[in-house]
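Accompanying notes for the structure given below.
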Amino acid sequence: MKLPNLNEARKRSNSEVDYIYLNQNYNENTFKGQKYFLRTYGCQMNVHDGEEIAARLESLGLIVTDTIEEADVVILNTCAIRENAHDKLYGFLGRCKHEKEKNNPNLIIGICGCMAQEEGVVNDLIKKHPYVDIVFGTHNIHELQDLLIKRNGKQNIEVYSCEGNVYENVSYKRDSNIKAWVNIQYGCDKFCTYCIVPYTRGKQRSRKSKEIIKEVECLVKNGYKEVTLLGQNVNAYGKELDNELSFAELLKKVSETGIERIRFVTSHPWDFTDDMINTISECSNIMPYIHLPLQSGSSRILKLMGRRYTKEEYLELYNKIRNTIPNCSITTDIIVGFPNESDEDFNETLEVAEYCKYDSAFTFIYSPREGTPAAKMDDKIDMETKEKRLHRLNEVINKYSLEANKKYLNKIVPVLIEGISEKDPNKVFGYTDTMKLVNVSNAQDKIGKIINVEITDAKSFSLDGKAI
Ligand code: 5AD
Ligand code: SF4
């Protein structure tokens with residue numbers, strides 16, 4: 001049994017990262033024909049981890065089900081970024097406990113993901129939720145099969161609070177056969193003062209570029225149309241390695257594989273280089289879409305957040321991107337109600353939002369995360385004020401999202417069609433190069449293809465169009 005430890009998770013040393021080439025073959029019949037239920041919350045990194053977890057479960061003969069009632073194994077892949085994640089965990093546990101007590105005493109319950117890296121959460125699982133069978137962290141996913149096979153009737157907890165390694169030869173059960181996530185980097189060394197990620201996911205470790213290219217080439221060969229390069233700070237790619245490509249150089253190499261569409265998330269404004277901007281503007285298969293988290297428009301708050309840029313520097317970068325990649329869509333993340341954010345600070349955030357006219361934005365009320373520096377700051381701002389600010393900010397954000405979408409009206413744009421629309425089975429949905437969601441009529445037979453679509457209607461969060 002190995003428990004998470006916050007002090008260990010905080011450590012950063014100069015020790016080299018181990019690149020571990022997995023060679024795991026499971027010929028295990030214990031679970032043959034049994035069913036698993038997997039629920040994943042959180043960011044793209046977690047979603048992609050979910051694809052690894054699914055592949056691992058299936059390597060033991062398990063098959064997927066979408067109900068807890070049918071399952072023999074349930075796994076909850078958690079997110080820890082904000083407090084509300086806890087409600088989701090305990091809501092889920094309540095349902096699983098009920099199922100295990102009333103209907104299926106052999107049900108195996110597993111908890112993993114970022115919350116499993118939190119000391120407080122795991123201590124609580126030990127003390128109050130003994131019916132949870134296995135807990136594994138973000139550094140232990142490769143041990144999932146062993147954890148399941150070697151259960152001995154006791155709660156089995158394996159959570160390393162280490163700086164982390166890089167695992168290669170990982171199998172994924174990808175959710176889509178059209179677009180794929182590709183990890184280029186794990187962990188984060190930025191330690192923004194509000195953020196739990198550097199503690200739950202370890203230090204920044206970049207994959208070797210030749211492994212990334214190999215993976216993308218394989219995806220191209222298998223007919224994939226789009227890759228999204230994943231990392232907590234993709235544009236800091238390779239910085240901790242000697243003789244590795246920069247992110248701009250990596251983008252170029254990925255572009256040369258011939259994959260039709262390349263995206264990447266998430267960029268940190270601090271690491272954004274002119275080379276990157278030029279590469280995006282020069283390579284037609286790198287999509288003109290940049291997620292550029294602002295977090296706050298006040299330089300005072302940005303300093304307290306440890307973001308390493310001022311409002312002016314952010315705006316300078318924003319203008320450079322707009323001027324070099326004119327059709328680029330730019331989205332952002334903004335936190336309101338950071339400890340002691342004043343009306344003036346908040347107004348600066350509004351001003352930046354008004355200036356940048358983002359294509360869309362994720363907006364959040366600051367949520368204190370145990371163990372982070374900001375959680376220790378005395379905060380005099382009440383929740384009602386924070387909620388009002390969020391509401392006000394969302395009004396501005398939504399106004400410009402709609403405005404940005406309206407610019408597409410009557411235009412013909414390329415859309416990668418991904419599947420049947422959830423709202424209307426007679427329509428399909430897909431995304432423009434600028435990452436606008438479009439519901440398209442007349443294109444049922446075009447799934448997996450990039451087609452020209454005439455935009456007929458624009459709402460705040462999506463477009464409607466018809467194939468031409
Ligand atoms: N409270 C609120 N929002 C947060 N984020 C990260 N940590 C917190 C927190 N403690 C937001 C940031 C980040 C996004 C993924 O989540 O805006 O960019
Ligand atoms: Fe969190 Fe900052 Fe790292 Fe993003 S860059 S994961 S906000 S610490």
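Numbering of residues begins at 1 and proceeds along the displayed sequence. Atoms within each ligand, like the ligands themselves, are counted from 1 in listed order.
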### Task
Using a 4.0 Å heavy-atom cut-off, say whether Cys188 meets ligand 2 through its side chain, its backbone, both or neither.
side chain
### Task
Please report the shortest heavy-atom distance between Lys436 and Leu463, naming the atom on each side.
CB-CD1, 3.8 Å
### Query
Quick one: which ligand 2 atoms are inside 4.0 Å of a heavy atom on His268?
5 (S)
### Task
Find the distance between CD (Glu158) and CE (Met1) and round it off to the nearest 0.5 Å.
8.5 Å
### Query
In the protein, which heavy atom is nearest to atom 15 (C) of ligand 1, and how far is it?
Asp333 OD2, 3.8 Å
### Task
Examine the proximity of ligand 2 to Thr266 and report which part, side chain or backbone, both or neither, has a heavy atom under 4.0 Å away.
neither
### Query
If every non-hydrogen atom of Asn233 is compared with every non-hydrogen atom of Cys188, which pair is closest and at what distance?
ND2-SG, 3.2 Å
### Query
Side chain, backbone, both or neither: which part of Pro198 has a heavy atom under 4.0 Å from ligand 2?
side chain
### Task
Report the distance from atom CG of Asn77 to atom OH of Tyr41, rounding to the nearest 0.5 Å.
11.0 Å
### Query
Considering only the protein, which heavy-atom contact is closest to atom 6 (C) of ligand 1, and what is its distance?
Ile81 CG1, 3.4 Å
### Message
Is it the case that over 12 heavy atoms from other parts of the model lie below 6.0 angstrom from the NZ atom of Lys303?
### Response
no
### Summary
Near Asn233 (heavy-atom distance under 4.0 Å), the atoms of ligand 2 are 3 (Fe), 5 (S)
### Summary
Per-atom filter on ligand 1: closer than 4.0 angstrom to a heavy atom of Tyr366 are 1 (N), 2 (C)
### Query
With atoms numbered from 1 as shown, which atoms in ligand 2 lie under 4.0 angstrom from a non-hydrogen atom of Tyr194?
7 (S)
### Task
Can you measure from CG (Leu402) to CD1 (Ile397) and round to the nearest 0.5 angstrom?
13.0 Å
### Message
Heavy atoms only, cut-off 4.0 Å: how does Phe191 contact ligand 2, side chain, backbone, both, or neither?
### Response
backbone
### Query
If you measure from NE2 on His139 to CD on Glu163, what distance do you get to the nearest 0.5 Å?
9.0 Å
### Message
Within 2.8 Å of atom 2 (Fe) of ligand 2, is there any N, O or S atom belonging to Cys192?
### Response
yes
#### Entry: Residue, atom name and distance, where the atom is the protein heavy atom closest to atom 1 (Fe) of ligand 2
Cys195 SG, 2.2 Å
### Message
Quick one, Glu370 and Pro368 - any side-chain contact, counting heavy atoms below 4.5 Å?
### Response
no
#### Entry: Nearest-neighbour protein heavy atom for atom 10 (N) of ligand 1, which is reported as residue plus atom name and distance
Ser367 O, 2.8 Å
### Under 4.0 Å to a heavy atom of Ile365 - the qualifying atoms of ligand 1, by number
2 (C)
### Query
Quick one: which of Arg300, Arg389, Lys311 gives a salt bridge (Lys or Arg N to Asp or Glu O under 4.0 Å) with Glu348?
Lys311
### Task
Heavy-atom contacts with Ile335 under 4.0 Å: which atoms of ligand 1 show up? List them by number with element.
3 (N), 4 (C), 5 (N), 12 (C), 17 (O)
### Task
Apply ring-ring contact (aromatic ring centres under 6.0 Å, His included) to His129 and Tyr131, showing your working.
CA-CA 5 Å; His129 304 273; Tyr131 56 89; 5.6 Å; yes
### Summary
In this structure, atom 17 (O) of ligand 1 is nearest to the protein heavy atom Gln295 OE1, 2.7 Å
### Query
Under 4.0 angstrom from ligand 2, any heavy atom of Arg307?
yes
### Aromatic ring proximity, centroids under 6.0 angstrom, Tyr167 and Tyr19
no
### Query
Would you say Ile196 contacts ligand 1, with heavy atoms under 4.0 Å as the rule?
no
### Query
So which heavy atom in the protein is nearest atom 7 (N) of ligand 1, and how far is it from that ligand atom?
Tyr194 CD1, 3.3 Å
### Task
Please report the C-alpha distance between Leu251 and Phe264 in whole Å, then the side-chain angles of each, then the deciding distance to 0.1 Å, and finally whether the side-chain contact (heavy atoms from CB on, under 4.5 Å) criterion is met.
CA-CA 9 Å; Leu251 274 178; Phe264 51 89; 4.0 Å; yes
### Task
Give the atoms of ligand 2, by number and element, whose distance to some non-hydrogen atom of Gln232 is under 4.0 Å.
6 (S)
### Query
Nearest protein heavy atom to atom 5 (N) of ligand 1, by residue and atom, and its distance?
Arg82 NH1, 3.5 Å
### Query
How about Phe338 and Tyr366: are their ring centres within less than 6.0 Å of each other?
yes
